[in-house]
Amino acid sequence: MERSGFPPNRHKRNYLLQVRSMLQGMVGSILLAAIANSALADGHSKFPNSVHATKHMVAAANPLASQAGLGVLEAGGTAMDAAVAVQLVLNLVEPESSGIGGGAFMLYWDVSERKLLTYDGREKAPLSATPEYFMNDQGEPMKWSEAVTGGLSVGVPGTLKLLEVAHAEHGLKPWRSLVEPAITLSEAGFPVSEKLSASIARAADRGLTTFDAARNYFFNDDGSALAAGTVLKNPEFAATLTMIAEEGSAPMYTGELAASIVEAVKTETNTGEMTLEDLAAYEVIKREPVCFPYRAFEVCGMGPPTSGGLTMGQILTILSNFDLPSMGPSAEAWHLYSEAAKLAYADRGMYMGDSDFVDMPEGLLNAEYLASRAALIDPEKSMGKAEAGTPPWDEAMLRSPDTQLERPGTSHFSIVDRYGNMVSMTTTIESGFGSRVMVGGFLLNNELTDFSFRAERDGKPIANRVEGGKRPRSSMSPTIVFKDGRPVLLTGSPGGSRIINYVTQSVIAMLDWGMDPQDALNMGHVVNRNGATDLEEGTEAVELQAQLEALGHEVKIRGLNSGLHAIMIDVIDLYGAADPRRDGVALGR
Ligand code: GLY
C-alpha cells in the first residue's frame, strides 16, 4: 500500500503559529525556535520526517504542553518533573481529554536504578457502589449515553495524586515551580485550538450545556461554541492550581476542593455517590509492568486494571508466529494483524478487569497458549468473530464476556530527559469533556462508564462489573520498548478501546517495518476489536478494502482519531513524532 498517510493538518500549522506569536515575550528564543521548527522536523538523515534531538525531548498533544515540558527539561528537570508541568498544562489547553479530575497510568524508566516502574492513578468506584450501579428502575442496564452526564459516572480521580507520589520519588525541581506554567497560562489565557472548538460544538447537545460551570466556560453568551483562536482565561483553575502549588494534592483529597467535588457530583439527575471518605481513601498503586518478548525486543506496558499491556502482549505474541517484517504494510500483513487482534480482544472481553477484585488467568501471555491461538489464523480466510480461548487457568470457563467500549477522551505524552530517565503516560477523563461536571475550573471524569453495566450474563459474572472501590477496566497502553536492556521506543495513544490497536500498530510500523516515527504515526489505521475491520477514511488504508473483503473481512471505512506521541531512542539520537490527527508536537534539543 502507498505510504501517503493521514493528510497534512492545516489547522495545526496555523495553531502553532498562533501559539508561537503568543509566546513571544513569555519564553526564551530556543523554545520559540523549537516550536517554529517542530512542524517541519529537521531533515536529520536517519528519520528525516521526525523531530531530531540529542539531549532531551517531549512529545505531547498540544504545543503549549510540549513547551512547558521542554522548559522544565531545559532547566535541568527530570522527565518526571516535566510530566507534572505537561499534565497540568494539558488540563488547561486540552481540557476535554485529561486532567486532575481524571485518572492516568505512567511508565517511568529510572535510569540510575535501571528499573521500569509503573504508577496506577486510575479512578475508583465509590465504596458504596454495587454491581447494579448502572441499572435503571426496570432492572435493565442504562444506555451509555444516558449514564455519562452528571455525577453518577464520576470515579474518584487519581491523576493529581499520581503526579505527587511519582514526583516525590523522582522529581528534582520543586513541585511549585512545575505547577507555575499552568498557573501563568490560566491567568494569561491560551488560544482555543480548532480541535477544542470543534469538540465543544459537537458536545453542545451531548450534555456540555447541562451544567452552568461548563456552559459558561466553553460557550459564548449567545450560546455559540468558542471559536478557534479565542484567547481563553481560566481564573478559577489558576486559583485551584495556586492551592495545589502550595499544598500539593491535599486540598483535592481532604480539603476545600474535596468538599466542592463531593457537592458537585450531587447533580439532580444521575446523582453521584462519591463521599469525602472515598476521596481521602484514594491511593496510587505501584505495580509490576507487563513485559513480553517480541522478536529482538522486550515490550513493556501497564497491567490491570488496564487491558492495554496484556492485550497488546497477546496480539504481538500471536504475530511473532508470522514473518510480518518481510510483508511490510500489505493486505497480507493487515489480515494477520486483524485476526490476531480479534483473538486478543475476545480474551480481553472474557477475562480482563481490575485484578485486585477479580482473579485473572495467569496464562494470558503464555507463549504455547498464544501459539495455539495463532494456529487458528488462516492466512487465506478470515475467522469471522473470534471466541475467547482457555488460557492456562483453573476457572477459565466461569466468566461471561463484556462488550463495553471506552470512548476516546484521552491524551498521551512521552518524555526523555538529559539523564536518560523516561516517561510514557496516558491520561484521561474518559469521553470528551468527561461527565461535563466542572469544579474548580477543571472537568470531572466519567470513567465509571468504562465498567460493564451488566454484572452477569447467563448466570456467569462479568470480570469488569462495578464493585465498590474497584477500578474500571481501561484500554490505555503507555508503552516502553527495550532492546538489550535499553529503552528504544516510547509510545502511547488515546482512542478508547481502539487505543490497543493504535499503539500496537505504531510498534509494528517502527520495529518490524523500520518506518520513520513520524511516517508510522501518519500511516492510515486498520483497527479490529473482534468485529468489523475498520479502515481509516481519507488515508491509504482504504485501498485495502477489496483485498480484505476477498479474504472474508467485513470492512468499514471511518474516521479513526488516534493521538499517538512517540519518541524513538537510537543511542544518543532522539526522534520525536506527534500524531497529525491532533494538535501536538515533539520538541527537543
Ligand atoms: N477511558 C479510556 C480508557 O481508559 O481506556
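All of these numbers come straight from a predicted model, not from anything done at the bench. Counting convention: from 1, in listed order, for ligands and their atoms alike.
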Assess the residue pair His167 and Glu164 against the criterion (side-chain contact (heavy atoms from CB on, under 4.5 Å)); give the C-alpha distance rounded to whole Å, side-chain angles, the decisive distance to 0.1 Å, and a yes or no.
CA-CA 5 Å; His167 173 262; Glu164 183 178 60; 5.9 Å; no
Regarding His412 and Tyr502, do their side chains bring together a donor and an acceptor under 3.5 Å, going by distance alone?
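On atom types as modelled, these side chains do not qualify, holding no pair under 3.5 Å.
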Given Gly496, Gly102, Ser475, which has its nearest heavy atom closest to atom 5 (O) of ligand 1?
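Shortest heavy-atom distance from atom 5 (O) of ligand 1: Ser475.
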Given Ser474, Gly103, Ser307, identify the one with the heavy atom nearest to atom 3 (C) of ligand 1.
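Nearest heavy atom to atom 3 (C) of ligand 1 lies in Ser474.
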At a 4.0 Å threshold, what atoms of ligand 1 neighbour a non-hydrogen atom of [X]?
{"X": "Glu447", "value": "1 (N), 2 (C), 4 (O)"}
{"X": "Glu430", "value": "1 (N), 2 (C)"}
{"X": "Arg122", "value": "4 (O)"}
{"X": "Asp450", "value": "1 (N), 2 (C), 3 (C), 4 (O)"}

Just jot down the ring pair (Phe, Tyr, Trp, His ring centres under 6.0 Å) partners of Tyr15, sequence neighbours excluded, or say none.
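Testing Tyr15 for ring pair (Phe, Tyr, Trp, His ring centres under 6.0 Å), a comparison that skips the adjacent residues, returns none.
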With a cutoff of 4.0 Å, is Arg473 in contact with ligand 1, counting heavy atoms of the residue only?
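No, Arg473 has no heavy atom closer than 4.0 Å to ligand 1.
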Look at the aromatic rings of Phe453 and Phe134 and report parallel, tilted or perpendicular, splitting at 30° and 60°.
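Phe453 vs Phe134 ring planes: parallel.
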State whether Tyr253 and Lys161 meet the cation-pi test: NZ (Lys) or CZ (Arg) under 6.0 Å from the six-membered ring centroid, and within 45° of the perpendicular axis.
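Satisfied, under 6.0 Å and within 45°.
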With a 3.5 Å distance limit and no angle check, can you tell me whether Thr306 reaches the backbone of Ser474 through a side-chain donor-acceptor pair?
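Yes; judged by distance alone, with no hydrogens or angles, the pair exists.
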